[in-house]
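Just so you know, residue 1 is the first one in the sequence shown, and it goes up from there.
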Amino acid sequence: MIGGRLIILILYIVGVYVFSFIIGVANLFTFNNVSLESLVNKTFDYIIVGSGSAGSLLAKRLSQNKNLTILLIESGGDVRPGFLDIPSLGLMLQGTAYDWKYTTVPQKWGAYGLAGNRSKWPMGKLVGGTAQFNNLMYLRGHPDDFKEWYKDLPSFDYKRDILPYYKKLESTGDSFLSRLPFTSSAAEYALNAFKSLGYNVNKNQLDSFVGFGSPYVNIKNGKRWTSFHQLLSHDRPNVFLLSHTTALEVLFRSNYEAYGVKYIRSGETVVSLARHGVILSAGVIGSPKLLMMSGVGVKSHLQSVNIETKLDLPVGDNLQDHITTGFSLVTFNDTLDFGVGISTMLNPLTALEYFRTQSGPWTTVGCEVNGFINTKNPKNPLAQPDLQLMMLPLGIEEDSGLYLRKLMGISDATWYNYFHHVNKSIAVLPVLLHPKSRGTVRLESKNIDKQPLIDPNYLSVEDDVETLYEGIQIVKKFVDAEPMRNLGAELNALPLPGCEHLTFDSEPYWFCYLRHMTYTAYHPVGTCKMGADDASVVGYDFKVRGTNRLYVVDASVFPTLTSGNVNAAVLMMAEKAADVILEQLFLKTGFCCILEIFKMKTVCEI
Ligand SMILES: Cc1cc2nc3c(=O)[nH]c(=O)nc-3n(C[C@H](O)[C@H](O)[C@H](O)COP(=O)(O)OP(=O)(O)OC[C@H]3O[C@@H](n4cnc5c(N)ncnc54)[C@H](O)[C@@H]3O)c2cc1C
Ligand SMILES: *[C@@H]1O[C@H](CO)[C@@H](O)[C@H](O)[C@H]1NC(C)=O
Ligand SMILES: *[C@@H]1O[C@H](CO)[C@@H](O)[C@H](O)[C@H]1NC(C)=O
Ligand SMILES: *[C@@H]1O[C@H](CO)[C@@H](O)[C@H](O)[C@H]1NC(C)=O
Ligand SMILES: *[C@@H]1O[C@H](CO)[C@@H](O)[C@H](O)[C@H]1NC(C)=O
Ligand SMILES: *[C@@H]1O[C@H](CO)[C@@H](O)[C@H](O)[C@H]1NC(C)=O
């Protein structure tokens with residue numbers, strides 16, 4: 001038995017290193033056949049920086065008009081072995097050449113259980129961006145989230161201004177919504193437990209309303225399906241994709257009109273020009289970084305890194321992230337098997353099942369049960385939730401510390417004294433949906449290769465700890481619910497390094513716990529806030545304030561976090577932005593004035 005486990009772990013860790021090596025080699029190659037000479041000083045209609053969720057969707061929409069040429073610039077590689085579309089492999093891309101491998105600065109108010117008090121922030125550095133290794137969950141958020149975004153736009157109406165874009169996204173011919181292709185036996189138990197606690201359990205969870213169910217995912221025929229996959233699935237002779245190419249600077253005319261992008265490719269610095277606009281979709285770190293490199297940012301900061309300020313805007317402020325906690329808190333007897341452990345994943349029969357039926361454990365996205373709760377107003381089914389609860393049928397201890405704990409940056413002290421002793425657990429994770437803490441992204445230097453200084457300022461507002469504490473109370477009730485008790489569930493009472501002096505399960509203990517076990521839920525947003533006030537970087541038309549023909553469209557424009565995983569909202573915003581940008585183009589060129597009057601605008605989008 002012990003020997004069997006050891007062999008599996010050896011296979012696993014060898015697999016991880018071989019995998020990482022394959023990615024490293026793949027990343028050296030490029031399919032790209034666009035010659036540099038054909039780009040120098042050449043004019044495109046639009047230049048899009050970043051081929052992630054937003055950038056790929058914009059490229060798809062804008063290029064539907066065959067008269068428009070689009071240059072799509074991507075820092076990462078474009079060779080992506082097809083087997084990476086197996087959903088469960090996403091996790092393995094973290095820490096490889098396809099990851100920017102960001103780390104936050106040491107956190108002052110939390111994350112003490114992580115090495116150096118730093119949180120690791122994986123982010124996609126390849127075509128398709130972060131969605132190439134995210135967990136594929138698709139949740140629209142709550143209508144009130146968007147009312148908050150558009151609070152300075154009195155005429156705002158969710159049903160008219162947001163919902164149609166979600167529907168457009170979801171109803172496109174190559175739409176990518178599917179039910180979970182696989183859940184382990186733990187899902188049934190967990191749903192029953194939540195039901196027994198009186199929560200509404202509805203299986204169709206698209207909007208983030210109070211209640212429990214299982215999420216929709218971006219999977220098609222058992223494979224990962226992103227906006228980049230969509231872009232590739234169409235013939236697009238008018239999109240020029242340049243991988244391994246990093247944008248260095250947006251070029252402005254004296255009236256702040258963006259006219260081109262300076263970028264570096266194979267060591268050569270090149271300029272391409274944009275006739276109608278430059279769109280930054282470089283993500284929540286990439287977009288503010290590029291703006292600051294171009295002289296758009298907080299003046300005092302730009303001065304401190306010797307960049308001449310062209311426009312003084314709060315770029316990099318307003319950083320927010322969903323915080324979660326509670327890994328390996330719900331523990332079981334060692335002998336329990338939900339059918340998703342390493343041995344199942346490495347079992348050849350699981351592979352066979354996948355290739356024969358495009359389902360089974362290899363299609364897992366991790367989260368199997370998802371719920372939304374409003375702790376202050378628990379009875380109102382329509383209230384905007386303040387907590388999300390995600391159930392994943394695994395704990396960090398699953399791979400004996402070989403890989404998972406390193407991805408998450410768990411400190412040695414916390415690993416060896418705490419997680420290491422857990423035999424078997426599942427993750428029941430409360431996620432703080434609307435944190436009050438705000439952080440910043442700043443440049444460390446003018447050098448493009450340097451990582452920016454990322455400070456989410458986790459738990460700097462006490463309220464955030466209090467809401468998460470309510471989440472812990474729900475986890476406790478969950479453990480006590482009959483379906484869980486019958487399985488022998490117990491709350492992990494091992495002494496947590498840093499909190500050993502406190503009585504287990506007392507309020508001070510949990511507050512201490514939360515400030516140690518502070519994890520990212522991987523949803524940073526907000527660094528180029530959209531709005532109409534002085535704290536905004538872009539207007540409601542996605543245009544950088546005070547400039548012309550320069551847009552930002554990606555997770556960085558969120559004024560606040562949505563109630564749920566953010567990728568659906570990123571895609572929805574990109575749909576909206578495509579409409580806004582094309583409308584501006586056609587209005588400018590007069591093409592659609594007549595159609596506009598007769599409400600036939602869709603004709604222009606072709
Ligand atoms: C581990 C993990 C799990 C997640 N799970 C989920 C989930 O289940 N559901 C969900 O809704 N959300 C999830 N998310 C979040 C979601 O995937 C992201 O919020 C979303 O993909 C962000 O899209 P984006 O377009 O803003 O940026 P990205 O997709 O990150 O795209 C930015 C692109 O720009 C490129 N770039 C950056 N700088 C430059 C430059 N200077 N020049 C050229 N190119 C540049 C990057 O390489 C990248 O390809 C997860 C995130 C992570 C990390
Ligand atoms: C591109 O434009 C720059 C600036 O106008 C000029 O110096 C350079 O020679 C041009 N390069 C080519 C290849 O035309
Ligand atoms: C595309 O260009 C052609 C030729 O200039 C023009 O006739 C046509 O109307 C254009 N179509 C759109 C959708 O702009
Ligand atoms: C991490 O936080 C703890 C608790 O506040 C502190 O004692 C320690 O010095 C911090 N370590 C670093 C590297 O900042
Ligand atoms: C775990 O379960 C097995 C089988 O039910 C039982 O024999 C064993 O005593 C249990 N171990 C613990 C530590 O409870
Ligand atoms: C793990 O299992 C072993 C053997 O069954 C047991 O002695 C130990 O107490 C368990 N650890 C925890 C943290 O429950």
Test: K289 and E444 ion pair at under 4.0 Å: no
Salt bridge between R545 and D534, side-chain N to carboxylate O under 4.0 Å? yes
How about V566 and V525: do any of their side-chain heavy atoms sit closer than 4.5 Å? yes
Stepwise side chain to side chain donor-acceptor pair (under 3.5 Å) check, S556 with D554: CA-CA 5 Å; S556 67; D554 55 30; 2.4 Å; yes
Hey, what do you get for CG (D321) to OG (S119), rounding to the nearest 0.5 Å? 7.0 Å
Is the closest side-chain heavy-atom distance between V278 and Y46 below 4.5 Å? no
Tightest non-hydrogen contact, residues S63 and N238, listed as O-ND2, 3.0 Å
Residue pair L241 / L71, side-chain heavy-atom distance below 4.5 Å: no
So W121 and Y458, would you call those rings parallel, tilted or perpendicular, with 30° and 60° as cut-offs? tilted
In short, G297 meets M292 closest at the heavy-atom pair CA-CG, 4.5 Å
Please tell me if the side chains of L280 and L291 come closer than 4.5 Å, counting only heavy atoms from C-beta onward. yes
Assign the ring pair W225 / H229 to parallel, tilted or perpendicular, where the plane angle (0 to 90°) is split at 30° and 60°. tilted
Taking the cut-offs as 6.0 angstrom to the six-membered ring centre and 45 degrees off its axis, would you call K168 and Y166 a cation-pi pair? no
Please say whether more than 12 non-hydrogen atoms of neighbouring residues, nucleotides or ligands are located less than 6.0 Å from CZ in R356. no
Could you check whether the rings of F355 and W362 sit parallel, tilted or perpendicular, using 30° and 60° as the cut-offs? perpendicular
Between Q584 and D541, is there a side-chain heavy-atom distance shorter than 4.5 Å? yes
Within the distance-only criterion (no hydrogens, no angle test), does the side chain of S53 pair as donor or acceptor with the backbone N or O of A131 below 3.5 angstrom? no
Should the pair D85-R80 be classified as a salt bridge under the 4.0 Å nitrogen-to-oxygen rule? yes
With K42 as the cation and F240 as the aromatic partner, state whether NZ or CZ is under 6.0 Å from the six-membered ring centre and within 45° of the axis. yes
Could you pull out the closest heavy-atom pair between K120 and K406, with the gap in Å? NZ-O, 3.2 Å
Shortest non-hydrogen contact from L72 to G50? CD1-O, 3.5 Å
Over 12 non-hydrogen atoms of neighbours within 6.0 angstrom of NZ in K223: no
Between S272 and F44, is any pair of side-chain heavy atoms under 4.5 Å apart? yes
Considering only NZ, NE, NH1 and NH2 on the basic side and carboxylate oxygens on the acidic side, decide whether R275 and D45 come within less than 4.0 Å. yes
For residues Y12 and L346, determine if any side-chain heavy atom of one lies less than 4.5 Å from a side-chain heavy atom of the other. yes
Going through the distances and angles, do S75 and T246 end up as a side chain to side chain donor-acceptor pair (under 3.5 Å)? CA-CA 5 Å; S75 248; T246 299; 2.6 Å; yes
Of all heavy-atom pairs between S243 and G76, which one has the smallest distance, and what is that distance? CB-O, 3.4 Å
Could you tell me which residues satisfy side chain to side chain donor-acceptor pair (under 3.5 Å) with D317, sequence neighbours excluded, listed by chain and number? R442
Run the ring-centre check on F156 versus Y150 and record whether the distance is less than 6.0 Å. yes
Mind checking whether I47 and I73 have side chains closer than 4.5 Å, heavy atoms only? yes
Are more than 12 heavy atoms, taken from residues, nucleotides or ligands other than D533, located less than 6.0 Å from that residue's CG atom? yes
